[in-house]
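All values below come from the heavy atoms of this structure, side chains included, with hydrogens, waters and symmetry mates left out.
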Amino acid sequence: MPVMPMFPLSTVLMPAMPLSLRIFEERYLKLLGDLVGQENPEFGVVLIERGQEIGGGEKRLGIGTLASVTDIGTLDEFYGIESIGSQRFRVNAWLPDDPYPMADIDFIPDLIWDDSLTMPKNQLETKVRNLLSFASEFGDLQYGSDTEFSEDPMQACWQLAGVLPVGPLDHLDLLQSLSAADLVLETQALVSTLDQALKAMIEQLGTKD
């Protein structure tokens, strides 16, 4: 039951997905200073259920992902952290903020890749790329259809889930996948739902012309 520093956010960090943070609040500047002195700096990221990222007092959900720090420096004239999602965890108990959030956590076992999922994973990648290309016609996206995915199939599956232009609760559902097959199937279902929603939107717009 390790105790980890935590960074509640309004987004979900998925394993193998990058995370860039600008640091300006005093409590997180203290966290930044503590991370600098560590050999392998890490912190937990959880979704805010209610409240805001700035100011404290937010209500936090109890599942998240460790962020492994890859670089600490300046970002757009602010102190910044570059990191990547690693292991999932559940919060056993929140400790008093002193000054930043801390939690007692249990790690969730990593999902195990099954080679029988290779074809569904490749099909999923095609569908995700097509969806991102389609969705880009409606506005700017964080990730485009030309996004590069990991050669590691399990990491690639997390990334395919992480790049979807959906809300944090959808990403949270995917984060709680119990197996690699579950993650692939749930991501496929979400892609289909998004594709149908976009097509329905186009049809609706067409009837108004």
Side-chain angles (χ1 to χ4, degrees), residues 2-49 51-56 58-91 94 97 100-103 105 107-108 110-111 128 132 140-144 146-152 154-177 183 187 190:
V3 172
M4 296 292 297
M6 308 295 284
F7 209 122
L9 294 172
S10 58
T11 58
V12 173
L13 176 62
M14 306 290 273
M17 287 295 291
L19 175 67
S20 298
L21 294 172
R22 294 193 306 171
I23 309 298
F24 51 87
E25 277 194 87
E26 184 174 344
R27 57 180 175 158
Y28 292 124
L29 288 171
K30 176 64 169 63
L31 169 60
L32 184 67
D34 291 344
L35 292 174
V36 167
Q38 298 178 12
E39 183 176 353
N40 297 302
E42 295 179 314
F43 59 93
V45 175
V46 294
L47 179 65
I48 294 173
E49 181 179 13
Q52 299 180 344
E53 292 182 351
I54 301 172
E58 71 282 341
K59 183 173 178 158
R60 311 149 185 164
L61 292 175
I63 184 170
T65 305
L66 280 187
S68 298
V69 177
T70 57
D71 188 39
I72 297 176
T74 56
L75 185 67
D76 297 332
E77 299 182 356
F78 289 92
Y79 288 108
I81 295 176
E82 299 288 339
S83 62
I84 189 164
S86 55
Q87 192 164 5
R88 299 176 296 162
F89 63 82
R90 292 190 183 277
V91 174
W94 287 98
D97 293 10
Y100 49 78
M102 298 283 292
I105 66 172
F107 292 116
I108 299 173
D110 292 333
L111 299 186
V128 169
L132 292 175
D140 294 333
L141 300 178
Q142 183 176 2
Y143 296 99
D146 59 349
T147 298
E148 294 186 7
F149 300 109
S150 173
E151 294 184 2
D152 179 280
M154 193 68 254
Q155 290 187 6
C157 286
W158 282 120
Q159 292 168 345
L160 289 166
V163 300
L164 293 183
V166 297
L169 293 181
D170 285 320
H171 276 144
L172 188 67
D173 285 342
L174 295 174
L175 184 66
Q176 298 180 74
S177 296
L183 176 60
T187 305
L190 190 52

Does any part of the side chain of [Y], heavy atoms only, come nearer than 4.5 Å to the side chain of [X], both counted from C-beta?
{"X": "D173", "Y": "L190", "answer": "no"}
{"X": "R88", "Y": "L111", "answer": "yes"}
{"X": "F43", "Y": "S83", "answer": "yes"}
{"X": "P15", "Y": "L175", "answer": "yes"}
{"X": "F89", "Y": "V46", "answer": "yes"}
{"X": "V166", "Y": "L174", "answer": "no"}
{"X": "F107", "Y": "P2", "answer": "yes"}
{"X": "V12", "Y": "L47", "answer": "yes"}

Spacing of [atom1] belonging to [X] relative to [atom2] belonging to [Y], to within rounding of 0.5 Å:
{"X": "T187", "Y": "H171", "atom1": "OG1", "atom2": "NE2", "result": "8.5 Å"}
{"X": "I81", "Y": "D71", "atom1": "CD1", "atom2": "CG", "result": "10.0 Å"}
{"X": "M102", "Y": "M6", "atom1": "CE", "atom2": "CE", "result": "9.5 Å"}
{"X": "W158", "Y": "D152", "atom1": "CH2", "atom2": "CG", "result": "12.5 Å"}

| Step by step, would you call L183 with M154 a side chain to side chain contact (heavy atoms under 4.5 Å, CB included)? | CA-CA 10 Å; L183 176 60; M154 193 68 254; 3.8 Å; yes
| message | Please find the pair of heavy atoms, one from G80 and one from L32, that lie closest to each other, and give the distance. | response |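 For G80 and L32, the tightest heavy-atom pair comes out as O-CD1, 4.5 Å.
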| field | Taking every non-hydrogen atom, the tightest pair across L160 and L164 | value |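 Where L160 meets L164 most closely, the heavy atoms are O-CG, 3.5 Å.
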| query | Which is it for Y100 and E25 under the side chain to side chain contact (heavy atoms under 4.5 Å, CB included) test, yes or no, and what are the steps along the way? | reply | CA-CA 10 Å; Y100 49 78; E25 277 194 87; over 6 Å; no
| query | Can any side-chain N or O of T65 pair as donor or acceptor with the backbone N or O of L13 at less than 3.5 Å? | reply |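 Answer holds: yes.
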| query | For residues 34-47, which residue pairs qualify under salt bridge (Lys or Arg N to Asp or Glu O under 4.0 Å), counting only residues two or more places apart or in two chains? | reply |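 Pairs touching residues 34-47 that pass the test: K30-D34.
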| request: Could you check whether the rings of F7 and Y28 sit parallel, tilted or perpendicular, using 30° and 60° as the cut-offs? | output: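 Plane angle under 30°, so parallel.
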| query | Yes or no on side chain to side chain contact (heavy atoms under 4.5 Å, CB included) for V128 and T147, after CA distance, side-chain angles and deciding distance? | reply | CA-CA 10 Å; V128 169; T147 298; over 6 Å; no
| message | Atom CD of residue position E151 - does it have more than 12 heavy atoms of other residues, nucleotides or ligands inside 6.0 Å? | response |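 Check fails, neighbour count at 12 or below.
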| task | Go through the structure and list residues passing side chain to side chain contact (heavy atoms under 4.5 Å, CB included) with L141, not counting sequence neighbours. | result |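 Side chain to side chain contact (heavy atoms under 4.5 Å, CB included) check on L141 returns L132, A135, S136, P165.
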| task | Go through M17 and Q159 one step at a time and tell me if the side chain to side chain contact (heavy atoms under 4.5 Å, CB included) criterion holds. | result | CA-CA 6 Å; M17 287 295 291; Q159 292 168 345; 3.9 Å; yes
